[in-house]
2 protein chains.
Amino acid sequence: MDKLEFLSDNKNSNLRNRQLKQQRDIIRHLSKSPFPLSIPEISEYIKTSVPTGTKLTKELLKNNYILAEGKKETDNGRRPTTYALNTDKFYVVGVEILEKFLHASIVRIDLDTVYQAKNRKFILSDTPECLDEITRFIQSTIKESGIQADQIIGVGIGMTGGVNRQRESIKFFNFDDNSLKQYLENKLSLPIILDNDTRAIGIAEQVLGIAKGVENVLVIKVSRNLGLSIILNRKTIVGGTGLAGNFAHIRFKEGERLCNCGKTGCIGTEVAGDALKKDLIEALQNGERSLYFQLDKIDTYQYHDILDAVLKGDALAFKILHDQGDKLGQALGNMVNLLNPDLIVIVGEFVMVKDFLIDAIRIGIRKTALLEPLTTCKIEASTLGRYLSSKAGACMLLKACDMIEY
Amino acid sequence: MDKLEFLSDNKNSNLRNRQLKQQRDIIRHLSKSPFPLSIPEISEYIKTSVPTGTKLTKELLKNNYILAEGKKETDNGRRPTTYALNTDKFYVVGVEILEKFLHASIVRIDLDTVYQAKNRKFILSDTPECLDEITRFIQSTIKESGIQADQIIGVGIGMTGGVNRQRESIKFFNFDDNSLKQYLENKLSLPIILDNDTRAIGIAEQVLGIAKGVENVLVIKVSRNLGLSIILNRKTIVGGTGLAGNFAHIRFKEGERLCNCGKTGCIGTEVAGDALKKDLIEALQNGERSLYFQLDKIDTYQYHDILDAVLKGDALAFKILHDQGDKLGQALGNMVNLLNPDLIVIVGEFVMVKDFLIDAIRIGIRKTALLEPLTTCKIEASTLGRYLSSKAGACMLLKACDMIEY
DNA sequence: GCAAGTTAGTAAAAAAAATTAGGAACTTTA
DNA sequence: TAAAGTTCCTAATTTTTTTTACTAACTTGC
């Protein structure tokens, strides 16, 4: 049997390609179905007669792509044999490339991680050596997992920094008219899907998290900086040149702090980790006091410490966080008016103070959002936890292959 | 030959349905193609062999859906007969329903208007009588045009006011568990596509206007009020409950005027026709002077008059307009950061002062937009003119049928 | 417990589509 | 102007698919 390729459909329409397309369709449908399917169900889905559906299914069975799962209990009539995906034949590689962290997972199609590897000594730089290091890391991860290359559908990569519309990194690894994507596709002989790490997390929230099954979602990342992944009609919005979702530089009122973009008033200067520390400094300079923070030790504090202090009951830390949540809520209220989302998901480090943050966001959002779009918009914090980004890459690939429901 | 239905594909997959689907595909392809096509080209497009493509094409020819257009000039080899759509077999009805205006056009598939009718005495109200009036208006327009019902693909309606996700008006005509859409589909026995009039205009800009072929567009309507149609990846964004694009209530800085939504600072209170008049009153009260306007005659002025004064060189009117453009630009800059559009199109009454307005918008937009997304974003005024909205409905229907390129 | 009803699956017949092969209609080159 | 090369198109052949008809495997009602 020919290899089943799930990205880049063969355009030629001869018999074998048509059959392969139908078999891929069967696999896709089985991968999305929560229960095994009978031949009549499969045939209906791929829009052929039962005899052809039978033939295609039997060939997939012979090649071990699918497994017979026994008879189905029905109310009447002869009971059909049902078939399910052989999950051991379909693996995906998920990769996370951050400034100082490299992480890869081998994930089964049902999203169970079977193997993973980290590199904490990694430092991202725009050099051929770094590109080589990434390539070798992925290669060795695959090798050590023991999974055969022909059982791998492809590689999904979530990467820090700007990614353009062609899913190629703007800043990194564009040597000799080649992009990271092209380079890796050649080296690994596997389809590659690359995107911004925030967008990858957005997809993971859609597939595994609370955004599952929701059509229109704003996934807002609050860590050191602000990030946003906009999902409309279940699709991630990329924009004309791949820069969509630049939430940090939205301005919604006058502001004093100078942003690294050269302007003032950007929401990114008012909300998130970096701003949190600035808020603390200003508060202490204004004479406000706290059990946990003193002005002369200011250089020893991380923004994490402020979040910790909130959990410990520090009134000043709470007040600062509350103000930020209020501002963030006001900015999000504008998004609600504009995009009418069904759900806003908070991800990132600030999730650790989610109850405090979301209450404050709710207060702020009412100041700007219209009543009608707001009543249908939920605000929730992610439940997925950290260290999931490489899995997010895998989700992204499976979604691109249309082998995953959401 | 069975009727070709272009909306709601028959799900049954027997032979005849498959053939009809292929024939619809041929029609769709011909409708989008700028030149007639040969049988080999058609066959390649519908992914069949040449003999089957020939058979399907010949049947369409026999039924007069398509016409032979003579031989094509080629570089070598036997010259193929080419086929084009018989535009006289495919008509669309476009309808515009406004507060005090009813307008319908019968449009050929190449978007030539063949007949149109207006009703200026119409007053929109949520009553069965009004619904009946609309129905009779559409029926009589079709009748008077002389076009046979079986030559009409469907009816596209652009309607004022909120329209939900199921493309049903929120405010109007929801009697007896029936919507306007359902009611008309029953009465006219034609497929109906309904949407908000601003979104319909957005689609018209995509199909006929300067947004043609552009992936990501913001169509901003500046008339008495502000309206926005967001087009991303060539699709109009509707939002979770159909309320997306509520640009008028975006807040981007503190404002004093009270909006009808109950808040202050909404951009709709600062920009567009109603705000223009308020700006004029305030300026005159502050002692500013103009050749064209006096405070004691303020009730006699329409916002149109202020736009006229701009064209006549009135410095005060210009200053007011310029301030509005600047503010609008600042708000749009946020949209640019967020959605990274390729193009912003200005539509609505303010197009009459487009040069003044766009210059001001450019100044404002630089205050908030990031450099990178702004460099790839054009700002232009619509060239389509007024009285096009019913044609916009037709565009919307053709787009929903996938019978139009953009 | 047996007939009647229902759904699965398959073998045979019929239909449709794809290949193959070759002629038609053209250009280019010698 | 004749031969070679190209593409279109169709007739004949082959392959594939659907349809039809039938058997298998089950439940339910009498």
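Chain naming here is simple, since letters A, B, ... match the order of the sequence lines and numbering starts at 1 in each.
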**Asked** What heavy-atom pair brings A:M403 and A:K32 nearest, and what distance separates the two atoms?
**Response** C-CG, 4.2 Å
**Request:** Nearest whole angstrom, please: distance from the P of C:dT10 to the CG of A:L56.
**Result:** 14 Å
**Request:** If the plane angle is over 60° it's perpendicular, under 30° parallel, otherwise tilted; pick one for A:F6 and A:F90.
**Result:** perpendicular
**Asked** Can you tell me how far C1' of D:dC8 sits from CD1 of B:I39, to the nearest Å?
**Response** 9 Å
**Fill in**
Out of D:dT19, C:dA17, D:dT17, minimum distance to the side chain of B:Q19 belongs to C:dA17
**Message:** Rounding to an integer number of Å, can you tell me how far A:L37 CG sits from C:dG9 P?
**Reply:** 12 Å
**Asked** Can you tell which of D:dC8, C:dA8, D:dA11 lies closest to the side chain of B:P40?
**Response** D:dC8
**Request:** Rounded off to whole Å, could you give me the NZ-to-P distance for the B:K55 and D:dA12 pair?
**Result:** 17 Å
**Prompt:** Roughly how many Å is it from OH in B:Y83 to C1' in D:dC8, rounded to a whole number?
**Reply:** 10 Å
**Item:** Candidate nucleotides C:dA18, D:dT18, D:dC9, ranked by approach to the side chain of B:R18 - the nearest
**Value:** D:dT18
**Item:** Residue-phosphate contact under 4.0 Å: A:R79 side-chain N/O, D:dT27 OP1/OP2
**Value:** yes
**Below 4.0 Å: OP1/OP2 of D:dC9 and any side-chain N or O of B:T81** = yes
**Message:** Side-chain N or O of B:T52 versus OP1/OP2 of C:dA16: is the shortest distance under 4.0 Å?
**Reply:** no
**Complete:** Tightest non-hydrogen contact, residues A:I210 and A:E205, listed as N-OE1, 3.6 Å
**Asked** For B:E44, does the CD atom have more than 12 heavy-atom neighbours from other residues, nucleotides or ligands under 6.0 Å away?
**Response** no
**Request:** Verify the contact: side-chain N or O of B:K58 to OP1 or OP2 of D:dT10, cut-off strictly under 4.0 Å; return yes or no.
**Result:** yes
**Asked** Between atom CG in A:N17 and atom C1' in D:dT16, what is the gap in whole Å?
**Response** 16 Å
**Message:** Can you say whether a donor on the side chain of B:R78 sits under 3.5 Å from an acceptor on the base of D:dC8, or the other way round?
**Reply:** yes
**Request:** Would you mind reading off the distance between A:Q22 atom CD and D:dT17 atom C1', rounded to a whole angstrom?
**Result:** 10 Å
**Prompt:** Between A:R24 and A:R28, is any pair of side-chain heavy atoms under 4.5 Å apart?
**Reply:** yes
